[in-house]
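It should be emphasised that the depicted structure is a prediction, and the values quoted were computed from it without experimental measurement. Side chains are part of it too, since the values below use all heavy atoms of this structure and drop only hydrogens, waters and symmetry mates.
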Amino acid sequence: MTSPPLLSPSSSSSSRLLLLRLLLSRRRSPASRSPPPPLRRRLPLLAASMSSSSSTAATRNPGSVVADADGLARKGLELPQVIADFDGTLTRYWYDGSRGQSSHGLLRQGNEEYDAKREELFEHYHPIEICPDIPLPEKAKLMEEWWEKTHALLIEGGLTYEAIRQSVADAKITFRDGVVKLFEFLEERDIPVLVFSAGLADIIEEVFRQKLHRSFKNIKVVSNRMVFNEEGRLVSFKGKTIHVLNKNEHALDMAAPVHDNLGDPNGYTDDYSLVKKRTNVLLLGDHIGDLGMSDGLNYENRIAVGFLNNNIEKSLKDYSEAFDIVYLNDAPMVGVVELVSELCP
């Protein structure tokens, strides 16, 4: 949903933000059976700063902490699948000094009246989304209500696929540096990537087309999928509504591959049995709630990587406890590329 612009943190404050620890652990899924002996490994740290005397790794990955690749002795731990959030994880949080747009917030349907109505819904429901005092079951119902009202406005307002193309072309959205290198590495090794989002699959796929100018056969988008008629006008949505509190394995039936055969915006494949059988997971997210993306997967080991983009001093403790690795201040994807290079040499 559309978010008001925020001020970018200054480089001077960024230079003081150092992660206290970087912990990489092999976590058993609660659903797994016959767990092996517990194994937890601590990794050496490289504290990255914004100063001119930063280390090589810090220069490549400013505002973050990067694991020392030499300390990642990962012999025998295979990495068979990656689960990643889209907005603020694969994409940058900041764009030219202000808050970048999300895949939902960038949409302009060519009808100012309905754009304004969707903005009114945001103003009403977003405070509910971020309120810590509302019980999750109650909040989940309200989030579904918000999403369904928004989807209804898109249909009623006559959204077209051409409007999506133009919205993406005009959008303030870009991928993190290193994302293409990560995708290329994973594609070469046939490692599946599930991109989970509470946004709109058709917009995400268009962002891939326009911003990366290439495709990846191993990537599937798990998000809300639109159905268009022959004139390219939105007529319905396919399947269940995916919102911020239910994007997990149970939404896999909504997934669709991102590859060269995306001429049919409503096409998707149904080959997720192999994904569900894979037992090791690398999870990438920018909210603690993103850890739920692996719910329902019968994994044995999970490495959770968090991107803490904003409110760093307030949230650092919670993120460092929830995630195994945390990158600060809208960091590039360089550290993740180094990590998967160690996991899958």
Side-chain angles (χ1 to χ4, degrees), residues 1-19 47-52 54 57-66 84-108 119 122-123 126-127 129-130 167-183 195-200 203-204 206-208 210-213 244 284-290 305-320 322-323 325-338:
M1 301 297 176
T2 309
S3 300
L6 302 173
L7 294 177
S8 171
S10 65
S11 59
S12 59
S13 63
S14 299
S15 65
R16 298 193 299 270
L17 295 172
L18 305 178
L19 263 186
S49 72
M50 300 292 287
S51 66
S52 58
S54 297
T59 302
R60 287 186 283 112
N61 203 348
S64 69
V65 169
V66 182
D85 172 58
F86 185 75
D87 294 307
T89 298
L90 296 179
T91 63
R92 296 190 61 178
Y93 186 85
W94 301 105
Y95 186 99
D96 288 342
S98 62
R99 178 68 170 92
Q101 292 178 305
S102 68
S103 57
H104 226 305
L106 65 83
L107 181 60
R108 296 294 178 267
E119 183 65 26
F122 172 83
E123 297 295 337
H126 181 62
E129 177 188 3
I130 63 177
S167 295
V168 172
D170 297 338
K172 297 179 179 180
I173 188 170
T174 188
F175 285 91
R176 292 181 187 271
D177 292 342
V179 163
V180 172
K181 186 175 181 179
L182 175 64
F183 287 164
V195 178
F196 279 74
S197 175
L200 299 166
I203 292 179
I204 292 171
E206 191 63 32
V207 172
F208 269 89
Q210 293 193 30
K211 306 303 181 181
L212 295 186
H213 307 292
V244 289
L284 311 176
D286 70 316
H287 291 290
I288 292 177
D290 288 335
V305 177
F307 289 86
L308 180 51
N309 299 310
N310 198 25
N311 296 324
I312 295 176
E313 293 182 1
K314 179 180 179 181
S315 303
L316 179 58
K317 183 177 183 294
D318 290 339
Y319 271 65
S320 63
F323 291 94
I325 303 172
V326 180
Y327 293 105
L328 302 178
N329 196 36
D330 212 12
M333 198 63 72
V334 175
V336 178
V337 174
E338 293 176 349

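The closest donor-acceptor contact from the side chain of D330 to the backbone of W94 lies under 3.5 Å. No side-chain donor-acceptor contact under 3.5 Å links H126 to the backbone of E123. Judged purely by atom type and a 3.5 angstrom limit, D290 uses its side chain to pair as donor or acceptor with the backbone of H287. Of the possible polar contacts, none joining the Y327 side chain to the V334 backbone as a donor-acceptor pair under 3.5 Å is found. Between the side chain of R92 and the backbone N or O of G100, no donor-acceptor pair lies under 3.5 Å.
At least one side-chain heavy atom of V168 sits under 4.5 Å from a side-chain heavy atom of L106. I288 has its side chain within reach of Y319: a pair of non-hydrogen atoms, C-beta onward, lies under 4.5 Å apart. When side chains are defined from C-beta on, I173 does not count as touching Y95, because their heavy atoms never get closer than 4.5 Å. In this structure the side chain of K211 never reaches within 4.5 angstrom of the side chain of T174, judged on heavy atoms.
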Original post:
Step by step, would you call M333 with F307 a side chain to side chain contact (heavy atoms under 4.5 Å, CB included)?
Top reply: CA-CA 10 Å; M333 198 63 72; F307 289 86; 3.5 Å; yes
Subject >> S197 vs D87, side chain to side chain contact (heavy atoms under 4.5 Å, CB included): CA-CA, chis, key distance, verdict >> reply: CA-CA 7 Å; S197 175; D87 294 307; 4.0 Å; yes
**OP:** Under the side chain to side chain contact (heavy atoms under 4.5 Å, CB included) rule, what do L308 and L316 come out as? Steps first, then yes or no, please.
**Re:** CA-CA 8 Å; L308 180 51; L316 179 58; 4.2 Å; yes
**OP:** Output, in order, the C-alpha distance, side-chain angles, deciding distance and verdict of side chain to side chain contact (heavy atoms under 4.5 Å, CB included) for L90 and R176.
**Re:** CA-CA 6 Å; L90 296 179; R176 292 181 187 271; over 6 Å; no
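A ring-centre distance under 6.0 Å is found for F175 and F208.
Considering only residues two or more places apart in sequence or on other chains, V337 meets the side-chain contact (heavy atoms from CB on, under 4.5 Å) condition with K181, L182, S341. Listed by chain and residue number, E321 satisfy the side chain to side chain donor-acceptor pair (under 3.5 Å) test with K317 (two or more places apart in sequence, or in another chain).
A distance of 6.5 Å separates CG in L200 from CG in L107, rounded to the nearest 0.5 Å. One distance of note links NZ of K172 with OG1 of T91; it measures 15.0 Å at 0.5 Å rounding. Note that CD1 of I203 is 6.5 Å distant from OG of S103, once rounded to the nearest 0.5 Å.
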